[in-house]
Amino acid sequence: MSETKPVAWPRRDYGVLVDLDKCNGCGKCVEACKLRNGTSYELRYKTFSPTELTGTTWLSVRKYSGVSTPYRCFHCYSAVCALVCPVNAHIVTDYGAVIIQTDKCIGCGRCAEVCCYGTPRQGFDRRYKKCDLCIDRIAKGSPPACVEACPTGALKFGPVAEIYRQAKEEEARGRKTYGVELTHWVYVYSNEEAFREFLDDVARRKDPEKIRKIFSFPVERATYPPVSYLGIEGAAVATALIAFFGWRQSRIEEKKRAGSHE
Amino acid sequence: MNRREFLKIPIAAALLGLVPIGEAKQIKLQPAEVKTGRSGRKFALLWSATKCIFCGACVAACNAVNYNRDKTPNLTWGWPQANTRLVEVKHGEAPRYIFTQCQHCEEPPCVYNCPTGASYIDKELGGLVLVDYNLCVGCKYCISSCPYEARWVNGEGTPSKCTWCVQRVKEGKLPACVAFCPVGARDFGDINDPDSSIAKRLREAKAVYVLMPEKNTKPRFYIVEE
Amino acid sequence: MFQEYWEAFLIGPFLFFAGLVGMGMVVMSIIKLRGGHLRYEPLLYVLLASIILALLLVMADLTRPPTVMMVAMLNSFLTLRYNLFLPILQGEFVLRFSWMALGIVMLILALLAVAIWALPYITQRIRTLLPPAIVKPLEPLLAILDKLALWVLSKKWFYYAAIFIGVMVTLYSGFLISEAKAVPFWNTTLWGIPGIPTIWIFSATAGALALIRIYHLDREHVVHLTEKYGVSAEIGEVAAIFLFLYNALNSASLAARESAEAILWGVLAPIFWVFVIGLGIAVPLLAAAISRIKHSTKLTYAASVSGLFGALALRTLVVYAGIPEPL
C-alpha cells in the first residue's frame with residue numbers, strides 16, 4: 001500500500017453499551033450466555049465461577065469496590081489477537097466482532113498472550129475460546145443472549161455509531177465512558193475509582209520480550225535478485241576487458257615501433 | 001619526508017590497532033528538554049513507559065488503519081506491516097523495551113538526503129515528515145539515512161513509515177496508535193500550545209527521554225515516565 | 001546482520017566505476033594541461049563505457065527506474081536549488097543538500113564532459129568504420145560536432161572543469177555512503193574528516209593511474225611516472241583504510257565496531273585481506289618495487305589489473321559490511 005487510505009467504521013458494526021450504574025450483579029447475562037454456547041450443564045451443577053473467564057465461560061461479572069462489572073471480550077477495533085493469529089483462525093468480522101473460528105484454532109495461545117484485557121481462554125480441547133458477540137443471532141436480527149437476558153437494561157445493543165452517540169450523551173451528562181471509538185463494548189460509569197480498579201485488574205502489564213517475540217520473525221538474508229549478481233560479475237568482466245584492450249593496445253604500439261625500427 | 005618515514009604511519013596505525021580498547025558505554029535513551037517552536041503548530045508524540053502494558057494494540061491499530069489489516073510481513077523489520085515496533089534497548093543503564101516509530105525529527109537526515117525531494121516536511125501540519133510517492137525513485141537513501149531505522153521497504157519498493165496518521169490528523173483526530181491504546185499510554189498534540197494534553201503530560205512527567213539525541217536530528221517522540 | 005538496503009554487488013561496482021571516471025578525468029586533464037602525450041582515445045572510450053556502466057548500475061538498484069528518467073533528474077536539480085542555494089540566499093549559512101542529488105548532477109556533467117572529449121575520436125571512427133552510404137548524409141552533423149568539440153577542447157577551462165567534475169564525482173561516491181546515518185560504520189571519520197571519501201580519493205587515483213599504465217605498457221616513462229604516483233596513492237590508501245578501521249574499532253557505536261571486527265578478523269576477513277589488501281595494495285606495491293630492479297611488462301600488467309580488482313573489492317566490501325545501528 002503506497003497510499004494510506006482511512007479505514008472507516010464498516011456500516012454493519014454492532015456494539016454493546018454497558019451501564020455500570022444499572023448493573024445489579026444478578027448474573028442472568030452469564031446464564032444466558034452459557035445456555036447459548038452449550039454449556040448449560042455447568043449451570044445445573046454449578047461447576048463454574050461467575051467471576052472467572054474460562055474456555056466455557058465467555059462472560060463474567062466481577063465486583064470492584066461494590067460495583068458489579070460485566071467482563072468479556074471487548075471486540076476492540078485494533079484486534080491485536082487477530083493480527084498475531086498464525087493460522088487466521090482469529091478474525092475480525094464484518095459485524096465488528098472479533099471471533100475465533102474454533103475449527104481452525106491450533107491452540108498456540110498467541111491471542112491470549114497479547115490480548116490487552118486477557119480475554120481468550122483455553123478450553124478442554126486446548127483451543128482458545130471467547131465471546132463471539134453472538135454473530136449467528138445478530139445475523140438473524142436478534143440481539144446477543146446477554147443483552148436480551150438483562151433485567152435492568154444495563155446492556156444495550158445496537159449499531160456502533162448509535163452506541164457511541166448514546167455514550168457521548170452520557171458523557172455530556174457528567175458520567176464517564178470507556179471504549180468510545182476504541183472497542184465495540186462500551187462502558188458508562190460514575191464510580192471512577194471502581195472502574196480504574198477493574199481496568200488495572202484486567203489490563204495487566206505483559207512481558208515485553210514475549211510480546212516482541214510473538215510479533216517479530218527472524219529475517220534471513222534475502223537471496224539477491226539475479227540482476228544483483230550480474231552487477232559484480234559484469235563489473236569484473238568489464239574490468240578484465242578494459243585491461244585486455246589496454247594490453248592489446250600497448251602490444252600493437254610496441255610491435256609498430258619495433259616494425260618501424262627495422 | 002622520504003618513503004621510509006612515510007611508511008611508518010601505516011605501521012604505527014596497525015600496531016595501535018592491536019592495543020586493547022575498553023568498550024564505550026552508550027546510553028541510547030537520554031534525558032530530553034522539550035523545546036517549543038517559534039510559531040505555528042509543533043506536533044509531538046508521547047509514549048509512557050509506566051502506563052504501557054505492552055499489549056501491542058498500537059501495532060495492530062496501525063496495521064488496521066494504514067495497511068487495511070494486511071498480514072503479510074514487513075521484511076525490513078521482521079515485523080507485521082505496521083509503523084511502530086517494540087525494540088529492546090540493549091545499550092543503556094538497564095535493558096528496557098520501548099515502542100519506537102518515526103520520530104518526525106526537526107532536522108531529519110532522510111529529508112536532507114532525498115535526491116528528488118520525495119521526503120519532505122509539511123510545515124503547515126506541525127512539521128510532519130511525509131513521503132510523496134510520485135517523486136520517489138526507490139533509491140532507499142532515506143532508509144539508510146534514518147538512525148532510528150524508522151522506515152521500511154514496502155511491497156512496491158518505496159519506503160513506508162509512520163506518518164502520525166496524517167489522514168486522521170487532517171480531520172482533527174488522533175493517530176491510530178494514540179487513539180487505540182487501551183490504557184492511554186500515548187498522547188499526541190501541539191507542544192506549542194501549553195494547554196494541550198501532551199504539553200501537560202510532558203510538564204508533569206517524572207522523566208522525559210528521547211532516543212539518540214547525539215545524532216542531532218531533534219526527534220519529537222518523547223518517552224516519559226509518569 | 002549486515003545492511004540490506006543497498007545491494008552491495010550493484011552499488012560497489014557503481015562506486016568503483018564512478019571513482020575510475022572521476023579520478024581518470026582528473027589525471028588525464030592534468031597531464032593534458034601539462035602538455036603530455038597520452039593515448040587519449042582508448043582511455044576516453046574506457047571512461048565513456050565506465051560512466052555509462054556506472055549509471056546503469058545505479059539505476060539497477062532503484063526500484064522505480066522509469067521515474068528516474070522523467071521526474072528524478074529534473075527534481076535533483078530542483079532540490080539542489082532549494083536545499084543548497086536558497087538557504088544561502090536567505091542568509092542561513094548551513095549547507096544542507098542531498099549528496100545523491102549533487103551526484104546525479106555531477107554524473108550527468110561527467111558524462112557530457114567525457115562525451116565531448118571523446119567526440120572527435122568518435123566522429124573519426126564513424127567516418128572510417130561505417131560505409132560511405134550512411135556517412136554521407138551524416139557528414140554535416142559530424143562536421144558541426146567536430147567543430148564544437150574541437151573548439152571546447154582547445155580551451156583550458158574545459159580541462160579545469162573536467163578536473164572539478166572529476167573530483168566532485170569521486171567525492172560524491174564517498175560522501176554518498178558516509179552520509180547514510182543509519183550505518184555508523186560508514187559515518188566513521190578520520191579525526192573530523194569523513195573517512196570514506198578520503199579512502200575513495202586515494203583508491204580512485206591509484207585505479208586511474210593503473211588504468212593509464214595498462215594502456216601504456218610499452219612506454220617506459222609513462223609506466224615509471226604512473227608507478228611513482230601510484231605507489232604514493234596506494235600508501236595513502238592503505239594508511240587511510242587502517243586509520244579508518246582503527247577509528248571504527250574505537251567507535252562509541254556498537255554497529256561500527258561490529259563491522260570493523262567482521263572486516264578485520266570476522267566473516268569478511270578473507271575477502272579483505274586477500275582481495276582488498278593482497279590484490280589491491282600488496283601486489284601493485286611489490287610489482288612497483290620489483291620493476292625498479294627488473295622491467296617486466298607482464299608483471300606490470302598483472303599488477304595493475306590486480307590493483308583494479310582490489311579497488312572493486314574494496315568498494316563492494318565496504319558497502320556490504322555496513323551494519324545498521326541497533327538500539
Side-chain angles (χ1 to χ4, degrees), chain A residues 1-10 74 76-88 90-92 98 110-119 178-183 185 196 199-200 202-222 225, chain B residues 50-71 73-83 85-88 95-99 131 133-134 136 154-160 163 165-168 170-171 173-174 176-177 179-184:
Chain A
M1 292 227 19
S2 51
E3 273 185 50
T4 52
K5 291 192 192 98
V7 179
W9 291 95
F74 283 62
C76 316
Y77 176 71
S78 44
V80 207
C81 45
L83 181 66
V84 297
C85 181
V87 294
N88 288 333
H90 207 138
I91 57 169
V92 180
V98 183
R110 286 197 181 123
C111 52
E113 291 253 19
V114 296
C115 175
C116 321
Y117 309 102
T119 335
Y178 177 86
V180 176
E181 301 284 343
L182 179 73
T183 61
W185 169 256
R196 184 112 301 271
L199 259 194
D200 286 340
V202 299
R204 291 195 203 152
R205 195 174 191 274
K206 300 162 194 305
D207 180 5
E209 182 56 32
K210 268 202 211 152
I211 302 295
R212 196 188 65 81
K213 283 216 175 78
I214 288 175
F215 275 108
S216 57
F217 60 93
V219 186
E220 289 155 15
R221 172 127 211 141
Chain B
T50 30
K51 285 207 178 145
C52 181
I53 58 170
F54 296 99
C55 63
C58 43
V59 179
C62 183
N63 176 266
V65 167
N66 292 312
Y67 300 98
N68 214 12
R69 298 193 197 269
D70 189 350
K71 281 174 92 163
N74 156 0
L75 292 167
T76 314
W77 288 351
W79 198 252
Q81 285 208 21
N83 296 325
R85 63 189 171 130
L86 179 56
V87 291
E88 184 189 351
R96 50 197 296 180
Y97 291 84
I98 57 168
F99 275 98
V131 180
Y133 289 102
N134 293 321
C136 179
N154 61 26
E156 285 155 41
T158 49
S160 281
T163 56
C165 291
V166 58
Q167 74 277 24
R168 288 175 61 106
K170 278 194 185 146
E171 292 170 12
K173 294 193 211 159
L174 293 169
C177 53
F180 294 108
C181 175
V183 293

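Lettering follows sequence order; numbering is per chain, from 1. Here the structure is a predicted model, which means the values were calculated and not measured. Excluded from the calculations below are hydrogen atoms, water molecules and symmetry mates; all remaining heavy atoms, backbone and side chain alike, are included.
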Side chain, backbone, both or neither: which part of [X] has an atom under 4.5 Å from a heavy atom of chain B?
X	result
A/Glu209	both
A/Cys116	both
A/Tyr178	side chain
A/Cys85	both
A/Arg212	both

Under 4.5 Å from any heavy atom of chain A, what part of [X] do you find: side chain, backbone, both or neither?
X	result
B/Arg69	side chain
B/Cys181	backbone
B/Ala57	both
B/Cys52	backbone

Do [X] and [Y] have side chains that get closer than 4.5 Å, going by heavy atoms?
X	Y	value
B/Lys71	A/Leu83	yes
A/Ser216	B/Trp77	no
B/Leu75	A/Phe217	yes
B/Phe180	A/Cys76	no
A/Phe215	B/Leu86	no

Looking at every non-hydrogen atom in both residues, tell me the closest pair between B/Val183 and A/Ala203 and how far apart they are.
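Smallest heavy-atom distance, with atoms named: CG1-CB, 4.0 Å.
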Which atom of B/Val65 lies closest to which atom of A/Tyr77, heavy atoms considered
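Scanning both residues completely, I find the closest heavy atoms to be CG2-CE2, 3.9 Å.
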Best-contacting candidate, A/Val84, A/Asn88, A/Leu199, against chain B by heavy atom pairs under 4.5 angstrom:
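It is A/Asn88.
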What distance do B/Ile53 atom CD1 and A/Arg204 atom CZ have between them, rounded to the nearest 0.5 Å?
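Here the rounded value is 11.0 Å.
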Counting heavy-atom pairs under 4.5 Å to chain A, which of B/Ala179, B/Pro80, B/Ala82, B/Ala61 comes out on top?
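Top option by heavy-atom pairs under 4.5 Å: B/Pro80.
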